[in-house]
Amino acid sequence: MDHDEHHNPEDKCKKPCKVPDHVILSGGINNRYWVLDVEERPCQKTLTISCYKSLHPTETCLLKDGWEMTPVFRGDVVHLEGQSDGGSWLVDNQQGFLVLLPDTLISGTSVSSSIRCMRRAVLGDMFKSFDGGSKHMLNGTMVHEVFQRAATANDFSLEMLSKLADQCIQSRTHGTVLSTEADNMSFHECSPGNSRSLSRDQDSSAVITVTELADIEENVWSPRFGLKGKIDVTAQVQIQRPRNGSHRSPEQKTLPLELKTGRESNSIEHRSQVILYTLMSMERYNPEAGLLLYLKTGNLHPVVASHMDRRELLKLRNTLVHYIHNCVAKEAEQSCLSRLPDILTNRQTCQYCPQRTNCALYERAVESNSVGVSEDVVHDFLQQETGHLTPMHLSYFSKWLLLCCLEATTMEAKNGRRHVWLQTAAESEKNGSCMGNLQLIGPVNVQSEGVFLHRFQRGSSAPQQGLMNSGLASRDRIVISDQEGRLVGLATGYLCEVSRDSISCTLDRDLSKFSGLLFRLDADEGVVGLSTHFTNLSRLMENCQDSDRLRELVVDLRVPEFIDSLSSVLPREAKDTVAVILKGLNKPQRQAMKRVLLSKDYTLIVGMPGTGKTTTICTLVRILHACGFSVLLTSYTHSAVDNILLKLKRFRVGFLRLGQGQKVHPDILPYTEESIRKKGVHTLSQLQQLYNKELVVGTTCMGIKHPIFTRRRFDFCIIDEASQISQPICLGPLFYAKRFVLVGDHQQLPPIVQNKEARSRGMDESLFKRLELHSEAVVQLNVQYRMNRQIMSLSNSLMYEGRLECGSDRTASALLTLPFLHSVQSELKASLSPSNPVCFLDCSMVPAQESVEQGGVSNRTEADLIHKLLLLLIKAGCKPSDVGVIAPYRLQLKSISALLQASAFDGVEVNTVDRYQGRDKSLIILSFVRSTAEEGKLGELLKDWRRLNVAVTRAKHKLLMLGSAATLRRYAPVEKLLNHLQKENMISFKNILHL
DNA sequence: ACTCTGCGTAGAGGA
């Protein structure tokens, strides 16, 4: 197993030896060591390690007998199994394991698939294709399900099996049945007799009898071995070991049992899978073996793992995790994609590999320059898989792949699940991400298939502390483990209700058999991953019509085409309706509608702030609907999709909303698949009808994994907030439509990119922005109905060069109403006056000092001033719900909110600039926070023109700004704003100390 | 140098 010839060990040598904040180290059983140094000698490797963040004291670990091939480098985290002798560990043939990056859990199937081809396993982790799988796979899934259900019911009669098979087909969520012929399935494979009295043992004389079924589909996370998986059946067995003729009493054991419904291969892959399951369930019941059951023959193979088997599989896991974790490497200050394990030259193995296109793509796009002469077989293979792609296509692919890998690395570091097993419940509770010492109370209520309602209360041993201020809120995603950390990740689900002394949640598994145990419940950020990004990129490179066309438009930037006359697209019977709808629009909006109807490829609608984007999209959908066109309506967020659907609903335009009910607006719930299915969808044709009935389908860009897209295509795809969506995600829905419309405004906030290098190398460029160079496809909505004249002027001078216009005199001159302003006595009366719609209160002289903590930036004095201003404004008759308080920094919002606890302030909405995008309020108070003028200490957030543009365009009638003008001039965008304000006499230098 | 939304998973089997 020499997978590591290509790694350049110098990659990491330059890393400074400082442990990053997010890394958790520990000693003891669940140890986590930081690797300070790696010393290589022939046939051995010595690691200098420490389990303290101070990196002192250190220990050593000697790797030999093949372990020295482990791709472990400086700055890696490792877990060691075995013994240490006064701080020196030995891992060799006989003893010990080294688990590299143990907190990245690798699935059992990934490890076992790496036996054949490491490259395939690495690619498989990146590109999880969603083609729905093959007929054989579906068959296998269903047979598994039937067997598991029959085993649970302990009834393998033919009647039962056929009843269960029916149930199984009925309950298949998401109608996977659509893509296969359900009746072709063969259930005779798990006939009685074959499946229960499992009592043969071929290797030894011990007899194993399965006595009981402890669990099915048990979810196992093993941070000890860095593995995860789902165990088909957890079986209670009796082992009878005859020894020296004397009868010993049978032993009770719990073993993992792996079901296989296909051909009985007894292959290394299958057996390895079982060994991996025994490894990962070590903490749970210390199994000495596992079982492999082939349903086709009924044969049961016990799989006893030797130290060697375990050792070799863990080495494979280590190599795999190394490649996954190091997908990018730093080369001369710039990151680049790493080489993958070599391509196999065995055509036989590669022929049916699901990753073969990605395999070839990666080679051509990323690695091609670094290989010498590749063999003919490989060359032919590359040609066959990627011959249709130009160098431009390949470079688009590799560029975005790199950006996504960079971003994935950052996200992984930040949002891993490691705190669930490396931090005690008490420690995690301090961060507000956990509730510990929970006891299951009352019965578990089955809400629907796979949804179990649980209720917990604080255990008696817990300090009498309420659950209310835990930091967890209802609807949060959660993961349940036992308090001790032996059963990590027992179930996942959603928090329902949190009361003072109990909580309820829906889980994907019934935990009633664990009652008596103490649980902990952790917030689950989930393994976010960027698999949709990767899959979309891979898809863009496919050799098929849809992808070819999209590549032409997106990568080659082919000029979008338009037809000349509307008459050919508008059906005669729709003409009147469309005319009526158009009447309600302003000029640029009408222009936009026409452009879309005339487009053959795409249209970009630039919706400046307040120009009625939602209304425009709603109208567009109505028109397309009236013409009989089908529309796929999407955006990145659920709320953006629902905003449009809520409007559409009023015009009685029918639609289907895809997506999890949890995330959908309550008024849109009746339109979801979930709700409609509850009314009864039993047959294939009913399901087809459900999916095909409506012309309009709404979903998020991430929702494209839905099976509806295996069949359905749309005339148009509309993507709202497109300027905030990264290119690989925005591509997703476009595969399913003939033409598309992107709506957004690149002068507002771009897609969120966490990794700095990825951002600086262009990951925050949306598709909207990329395509904008084709001005013939762009229509601008520049007539706005939100801001009055003075507020609008800010944005016009900052960004739009005077192009933004007021839709009416009423809009232009609308003012805040403060009926009781006369009763307010204050130096600042003039600043508060509605007749001064824009006022910047300069706090330079107060002074208002910023404070930078690790959590963020805040400014206590500005917060105090806002509190005082609000008191005056509310006294003057301003409705709290008409006020929004905005700051760029979260920590500042926290300090403001803390001052607004009194009920008088109920309804005042305090939020970040970013969160306010797309929304408005009559009165906005904006806190700039920053007050330190040192050049090196300037923050990123205020350097962004787009963020400032969003900040100053949220107010309809009055905008009050607080900040230290002198400092803020250091930020180019704010300087431009201040210059304008100064010219317009909108800055107040009044000594606001008197407030 | 502080901005944060999307995602249900791990495995179903065939040459």
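By convention in this document, chain letters (A, B, ...) are assigned in the order of the sequence lines, proteins followed by strands, and residues within each chain are numbered from 1. This is a predicted model, so every value here is computed, not measured. Heavy-atom basis, side chains included; hydrogens, waters and symmetry copies ignored.
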**Study point:** Short side-chain N/O contact to dC2(B) OP1/OP2 from R930(A), under 4.0 Å
**Key:** yes
Review point. Do R947(A) and dT3(B) share a donor-acceptor pair, side chain to base, under 3.5 Å?
Key: yes
Check your understanding: What is the distance, rounded to the nearest whole Å, between atom NZ of K230(A) and atom P of dA12(B)?
Key -> 10 Å
Review point. What's the CD-C1' distance between E407(A) and dT5(B), to the nearest Å?
Key: 12 Å
Exercise for review: With the side chain of R759(A) defined as its heavy atoms from C-beta on, choose the nearest nucleotide among dG13(B), dA10(B), dT3(B).
Suggested key: dT3(B)
Point to revise | Gap between atoms CG and C1', on N219(A) and dG11(B) respectively (whole Å) | key: 13 Å
Review point. How is Q754(A) classified with respect to the nucleic acid when contacts are heavy atoms under 4.0 Å: base, sugar-phosphate, or nothing?
Key: base
**Study point:** salt_bridge(E757(A), R759(A)) N-O dist < 4.0 Å
**Key:** no
Review point. Base, sugar-phosphate alone, or nothing: which one does E258(A) contact when heavy atoms must sit under 4.0 Å apart?
Key: sugar-phosphate
Practice item. Calculate the interatomic distance between H706(A) atom NE2 and dT9(B) atom P; express it in whole Å. Key: 16 Å
Check your understanding: Under 4.0 Å: is that the gap between some side-chain N or O of H533(A) and OP1 or OP2 of dC7(B)?
Key -> no
Practice item. Could you tell me whether R919(A) and E909(A) make a salt bridge, using a distance below 4.0 angstrom between a side-chain N and a carboxylate O? Key: yes
Review point. For D232(A) and dA12(B), what is the distance between atoms CG and P respectively, to the nearest whole Å?
Key: 5 Å
Exercise for review: Would you mind classifying the nucleic acid contact of R263(A) as base, sugar-phosphate or nothing, using non-hydrogen atoms under 4.0 angstrom?
Suggested key: sugar-phosphate
Practice item. Scan Y277(A) against the nucleic acid and name what it touches under 4.0 Å (heavy atoms): base, sugar-phosphate only, or nothing. Key: sugar-phosphate
Review point. In whole Å, what is the span from the CG atom of N755(A) to the C1' atom of dC2(B)?
Key: 15 Å
Check your understanding: What is the distance from NE2 of H136(A) to P of dG13(B), rounded to the nearest Å?
Key -> 11 Å
Exercise for review: Give one of base, sugar-phosphate or nothing for E940(A), where a contact means two heavy atoms less than 4.0 Å apart.
Suggested key: sugar-phosphate
Practice item. Quick one: sort the F534(A) and F127(A) rings into parallel, tilted or perpendicular, breaks at 30° and 60°. Key: perpendicular
Review point. Rounding to a whole Å, what distance do you find between E264(A):CD and dG13(B):P?
Key: 13 Å
**Study point:** CZ (R356(A)) with more than 12 external heavy atoms under 6.0 Å
**Key:** yes
Review point. With the threshold set at 4.0 Å, does a side-chain nitrogen-carboxylate oxygen contact exist between K260(A) and E264(A)?
Key: no
Review point. When you compare dC2(B) with dG6(B), how far apart are their P atoms, in angstrom units rounded to a whole number?
Key: 23 Å
Point to revise | Proximal nucleotide (of dG13(B), dT5(B), dG14(B)) relative to the T637(A) side chain | key: dT5(B)
Check your understanding: Of all the nucleotides listed (dC2(B), dG8(B), dG6(B)), which has the minimum atom distance to the side chain of Y636(A)?
Key -> dG6(B)
**Study point:** Nearest-neighbour nucleotide for the M411(A) side chain, dG6(B), dG13(B), dG11(B) considered
**Key:** dG6(B)
